[in-house]
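Written out below as structure tokens is the structure these notes cover.
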2 protein chains.
Amino acid sequence: MANIKDIAKAANVSVTTVSNVLNGKANVGPETREKILSLCREMDYHPNIMARNLKSGKTNTAMFCFSDFERSFYLKIINGINDCLHEHHIGMIICTHSAINSFLRNGFVDGAIVLDKSINDRQILDAASQDMNLVVMDRILDSPKVSSVVTDNRASMEELTKRLVQKGYRRFNYLGGIENTPDHVERYEAFKAVLKTNRIAFTPDNYYQGDYSVQSGIRAGNIMAMGGNLPDVVVCANDNMAAGVVQAFREFDVDVPKRVAVSGFDGDHMSELPDGYLTTAAIPRYEMGYLAAETLVKMMNEGMPAMERKIKAPVVWGRSTR
Amino acid sequence: MANIKDIAKAANVSVTTVSNVLNGKANVGPETREKILSLCREMDYHPNIMARNLKSGKTNTAMFCFSDFERSFYLKIINGINDCLHEHHIGMIICTHSAINSFLRNGFVDGAIVLDKSINDRQILDAASQDMNLVVMDRILDSPKVSSVVTDNRASMEELTKRLVQKGYRRFNYLGGIENTPDHVERYEAFKAVLKTNRIAFTPDNYYQGDYSVQSGIRAGNIMAMGGNLPDVVVCANDNMAAGVVQAFREFDVDVPKRVAVSGFDGDHMSELPDGYLTTAAIPRYEMGYLAAETLVKMMNEGMPAMERKIKAPVVWGRSTR
DNA sequence: CTGTTAGCGCATTCAT
DNA sequence: ATGAATGCGCTAACAG
């Protein structure tokens with residue numbers, strides 16, 4: 001592989017001149033520039049990135065850290081991140097939990113986007129204190145050096161609930177997720193707030209406790225159907241549970257949406273229900289990835305201070321509601 | 001960030017000694033070694049990978065190149081690749097078509113796994129001629145320097161068909177994919193060979209032409225049902241088309257599998273059919289990723305010559321067959 | 001407009 | 001068992 005020295009020798013100039021041409025400096029004569037450029041093409045010269053990085057102290061590479069390979073929506077996030085980074089000519093490396101510590105410290109990357117629950121806040125703050133540019137997804141860190149990109153649970157659930165009310169639904173059941181998780185709290189509170197504003201009754205009887213799993217949705221659906229506690233609509237804290245509820249209702253011959261409507265939250269493809277069936281707040285995965293990357297790039301390139309971005313999940317209407 | 005010089009100074013030794021300790025050389029006194037090691041911990045020293053790479057001429061990083069972010073099974077492949085590379089302490093970077101040329105030439109990676117149809121054979125052979133270690137997936141290159149990992153279409157379709165015959169199916173329809181694609185040719189030929197061996201009749205009437213899409217499956221299914229040409233089983237060249245056939249049959253109240261059984265090929269999750277419904281040859285995505293990575297690592301580390309690996313897709317029985 | 005020089009952080013001879 | 005010197009390929013002061 002030809003290096004800059006070879007080019008310089010062949011062109012009868014110094015490496016500096018070659019370097020200047022390569023980096024677009026103005027202080028090079030036109031014919032010298034041309035000669036060097038054509039020589040580079042002829043000799044198939046490509047600058048050695050390692051050397052360039054070593055010199056500049058930067059790598060022009062960002063890392064995306066995640067751990068759950070089961071959820072296909074990660075691919076969409078990766079897609080968004082990749083597109084943005086590529087537009088800015090920044091390389092992307094992917095790593096999982098086990099690799100993060102080594103990568104983060106040895107100057108292999110200039111920044112990272114972290115979406116990996118197995119990495120705790122402490123580790124992230126540690127990395128941030130070493131001047132690593134960081135963006136976390138799906139969590140918020142109380143640090144002025146770490147940006148975050150999260151779903152706007154409140155606004156999204158608010159809109160979903162509002163529109164359900166507008167459609168005429170009055171008797172609501174709510175199937176919550178794991179208690180104390182921010183997702184649960186925010187979605188549930190937003191839901192209750194809208195009902196309250198509309199003076200629609202909501203009692204503890206109307207609340208069911210789930211754990212985000214399809215199973216817990218089935219359980220809750222069974223209980224509702226068997227107990228005869230069938231509302232106009234069951235609002236679920238995520239799609240999985242909504243799928244479970246639908247499944248349970250099917251067993252009991254409870255027509256969805258004629259007898260009871262069902263809504264979810266997430267908007268990812270599921271094997272349980274056909275695409276487009278479930279009314280839900282669809283988290284825009286690609287866009288969130290893109291925005292996370294964009295945020296990171298601005299921090300890396302322009303020294304932008306850390307910021308927090310909440311992304312609203314648009315409501316998608318399916319056949320599970322009228 | 002502390003560097004090797006800082007450590008050497010603090011330990012009152014030369015950088016050479018520190019380097020030797022870090023790289024596990026034997027020629028260092030035990031107490032000196034301990035002192036240096038503890039100093040590294042104290043000062044939170046991490047070797048600068050860029051410098052190390054520049055020096056060694058290697059990057060210890062591999063690249064996975066793909067382009068289709070819509071297909072969720074890519075995540076499984078990535079998972080397999082990642083696991084293998086990580087076991088060997090090799091970093092992984094992901095890139096898409098647009099980035100490959102720059103990455104491949106400037107010494108940013110030591111090798112690459114390519115699963116991107118928008119990259120043509122020529123580009124790959126070019127890279128190989130520059131001593132880049134390469135593994136291609138889902139295609140075979142006629143080059144002694146490029147390894148390949150592909151699905152063993154013949155063996156898989158053979159087994160699937162054999163087992164269908166064993167189960168008593170005698171009247172077969174076949175729904176083929178796009179003509180001249182290796183996948184189509186290999187699967188179709190294997191299918192026909194098994195029927196022939198078993199002296200089971202198969203005429204052009206029993207062949208339907210599809211294009212791998214769900215739509216083309218629906219069309220074929222409609223034609224079969226409307227024409228009254230219903231066999232015991234429809235063997236499809238992929239899952240998508242099988243899903244289409246099932247859907248068409250449902251419209252015509254043709255019971256699957258009681259009246260007609262249906263089989264597919266691929267084994268990826270689909271939104272059209274519930275998981276576990278379709279009998280199919282399930283391509284082991286994770287394993288193929290892992291094997292591709294393993295092959296690459298051996299080429300990189302042990303100079304293993306290029307090789308070709310065919311991976312059999314195990315038959316998975318679902319409810320679409322008896 | 002062009003060249004000389006120094007050094008990024010590290011591994012690797014070759015001495016001692 | 002330890003150290004001094006050299007250079008990987010490149011960029012950037014500084015000189016001319």
Side-chain angles (χ1 to χ4, degrees), chain A residues 1-37 39-40 43-61 89 91 102-103 105-110 130-131, chain B residues 1-37 39-40 43-61 89 91 102-103 105-110 130-131:
Chain A
M1 284 251 274
N3 64 24
I4 198 172
K5 245 187 203 159
D6 299 330
I7 302 294
K9 206 174 296 172
N12 246 312
V13 297
S14 76
V15 289
T16 308
T17 305
V18 179
S19 175
N20 284 336
V21 170
L22 263 45
N23 293 294
K25 310 277 191 207
N27 56 347
V28 181
E31 65 238 28
T32 317
R33 154 170 278 114
E34 274 320 309
K35 186 170 135 203
I36 290 174
L37 249 28
L39 232 31
C40 286
M43 304 173 65
D44 195 34
Y45 166 75
H46 295 266
N48 179 314
I49 297 240
M50 290 306 150
R52 191 175 267 182
N53 288 345
L54 175 57
K55 186 65 190 160
S56 68
K58 290 183 52 181
T59 66
N60 248 286
T61 303
H89 302 99
S102 49
F103 276 136
R105 305 189 171 279
N106 54 25
F108 201 76
V109 295
D110 293 339
Q130 313 244 343
D131 283 325
Chain B
M1 285 253 274
N3 64 23
I4 198 171
K5 244 187 204 158
D6 299 328
I7 302 294
K9 205 174 298 172
N12 245 310
V13 296
S14 75
V15 290
T16 309
T17 305
V18 179
S19 175
N20 284 334
V21 170
L22 262 44
N23 294 294
K25 309 278 191 209
N27 57 346
V28 181
E31 65 239 26
T32 317
R33 154 171 276 114
E34 275 319 309
K35 185 162 89 190
I36 290 174
L37 249 27
L39 232 30
C40 285
M43 304 173 64
D44 195 34
Y45 166 75
H46 297 265
N48 179 313
I49 298 238
M50 291 305 148
R52 190 174 267 183
N53 288 346
L54 176 57
K55 187 66 190 158
S56 67
K58 290 183 52 181
T59 66
N60 248 287
T61 303
H89 302 100
S102 49
F103 276 136
R105 303 188 174 281
N106 55 24
F108 202 74
V109 296
D110 293 338
Q130 315 244 341
D131 283 324

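All chains are named by letter (A, B, ...) in the order of the sequence lines, taking the proteins before the strands, and each is independently numbered beginning at 1. What you see below is based on every heavy atom in this structure, not just the backbone, and it leaves out hydrogens, waters and symmetry mates. Values in this document were obtained by computation on a predicted structure and should not be read as measured data.
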Item checked: Protein proximity profile, nucleotides 5-11 of chain C - base contact B, sugar-phosphate-only contact S, no contact -, cut-off 4.0 Å on heavy atoms -> --BBBBB

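- Using a 4.5 Å cut-off on side-chain heavy atoms (C-beta onward), H89(A) and N60(A) make no contact.
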Margin query: Run the side-chain contact (heavy atoms from CB on, under 4.5 Å) test on R52(A) and N23(A) for me, step by step, so that the C-alpha distance in whole Å, both residues' side-chain angles and the decisive distance to 0.1 Å come before the verdict.
Written below: CA-CA 11 Å; R52(A) 191 175 267 182; N23(A) 293 294; 4.0 Å; yes

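- Think of the region where chain B sits on DNA chain D: with heavy atoms and a 4.0 Å cut, that region ends 5' and 3' at dA1(D) to dG9(D).
- Within 4.0 Å (heavy atoms only), D6(A) reaches no atom of the nucleic acid at all.
- The shortest side-chain heavy-atom distance between K58(A) and N53(A) does not fall under the 4.5 Å cut-off.
- Put simply, the side chain of V13(A) reaches to within 4.5 Å of the side chain of V18(A), judged on heavy atoms.
- Here the CD1 atom belonging to I36(B) is positioned 10.5 Å from the CG atom belonging to N12(B), to the nearest 0.5 angstrom.
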Next item on the list: Quick one: do T16(B) and N20(B) satisfy side chain to side chain donor-acceptor pair (under 3.5 Å)? Show the steps, please.
Entry: CA-CA 6 Å; T16(B) 309; N20(B) 284 334; over 6 Å; no

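- Taking a 4.0 Å limit (strictly below) on heavy-atom distances, residues 25-35 of chain B reaches DNA chain D at N27(B), V28(B), G29(B), T32(B).
- Contact of the Y45(B) side chain with the I4(B) side chain is registered, since non-hydrogen atoms from C-beta on lie closer than 4.5 Å.
- At a threshold of 4.5 Å between non-hydrogen side-chain atoms, the residues T61(B) and F108(A) count as touching.
- Taking NE2 from H46(B) and SG from C40(B), the interatomic distance works out to 9.5 Å, rounded to the nearest 0.5 Å.
- L37(A) has its side chain within reach of V21(A): a pair of non-hydrogen atoms, C-beta onward, lies under 4.5 Å apart.
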